[in-house]
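One structure below.
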Amino acid sequence: MAFLPRALPLLLLAVVCIQLSGVLADGRDRCWCLKSLKKRVPREEIEEFSIFPRRSKCDTVEIILTLKPVNKSTEVVQRCLSPETKQGINLQTCWNNKNTNNTPTFKISNCFESHK
């Protein structure tokens with residue numbers, strides 16, 4: 001019986017650690033885009049974008065657009081774009097060809113630079 005009071009706190013600590021590790025692991029792998037736009041967003045409205053590949057708990061490529069502020073607003077507006085749309089395919093091509101530093105976000109203007 002003396003063993004039980006000593007083992008119980010260790011058992012509770014182990015359970016808490018396992019629960020926390022599951023929460024932290026789920027955070028990065030889960031899908032962020034519950035709904036994705038199927039229509040084109042004018043490039044003049046896009047500041048930058050990020051592309052997240054398929055992950056263990058998200059079986060789709062995700063494209064997150066950060067839109068330019070409207071009317072001097074400081075609010076950051078982000079929208080998910082379907083990777084299957086023509087614009088989504090074009091952004092993925094740009095990301096793969098021009099994001100050579102593997103930055104987490106990429107300016108939309110980099111996709112349309114003219115080479116002299």
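All values derive from a computational prediction rather than experimental measurement. Numbers here simply count residues along the sequence, with the first being 1.
A 4.5 Å side-chain heavy-atom check between Ile108 and Glu47 finds every atom pair outside the cut-off. In this structure, the side chains of Gln87 and Val41 come closer than 4.5 Å at one or more pairs of heavy atoms. Under the 4.5 Å side-chain criterion, counting only non-hydrogen atoms from C-beta, Phe49 is not in contact with Ile64. Side-chain atoms of Glu84 and Ile89, non-hydrogen and from C-beta on, never get closer than 4.5 Å to each other. The shortest distance between side-chain heavy atoms of Lys86 and Arg40 does not fall below 4.5 Å. No side-chain heavy atom of Thr66 sits under 4.5 Å from any side-chain heavy atom of Ile46. Leu65 places none of its side-chain heavy atoms less than 4.5 Å from the side chain of Gln78. Residues Arg43 and Phe112 form a side-chain contact, since some pair of their non-hydrogen atoms from C-beta on lies under 4.5 Å apart.
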*Full working for salt bridge (charged side-chain N to carboxylate O under 4.0 Å, His left out) between Lys107 and Glu48*: CA-CA 4 Å; Lys107 296 282 185 192; Glu48 59 189 18; 3.5 Å; yes
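Not a single donor-acceptor pair under 3.5 Å links the side chain of Glu75 to the backbone N or O of Pro69.
No option in Thr100, Asn99, Thr105 other than Asn99 meets the side-chain hydrogen bond (donor to acceptor under 3.5 Å, both in side chains) test with Thr103.
By the 6.0 Å contact criterion, CG on Asp59 is open, its count of non-hydrogen atoms from other residues, nucleotides or ligands being 12 or less.
Taking a cutoff of 4.0 Å between a charged side-chain nitrogen and a carboxylate oxygen, Arg30 and Glu62 do not qualify as a salt bridge.
Residue Trp95 comes nearest to Ser50 through the heavy atom pair CZ3-CA, 3.8 Å, listed as atom of the first residue, atom of the second, then distance.
Atom OG in Ser82 sits 7.5 Å away from atom CD1 in Ile63 (nearest 0.5 Å). Interatomic distance, CD of Gln92 versus CG of Leu81, reported as 9.0 Å (0.5 Å rounding).
With Trp32 as the aromatic partner, Arg55 meets the cation-pi criteria of under 6.0 angstrom to the ring centre and within 45 degrees of the ring axis.
Sorted by first then second residue, the disulfide (SG to SG under 2.5 Å) pairs that include residues 50-93, not counting sequence neighbours, are Cys31-Cys58, Cys33-Cys80.
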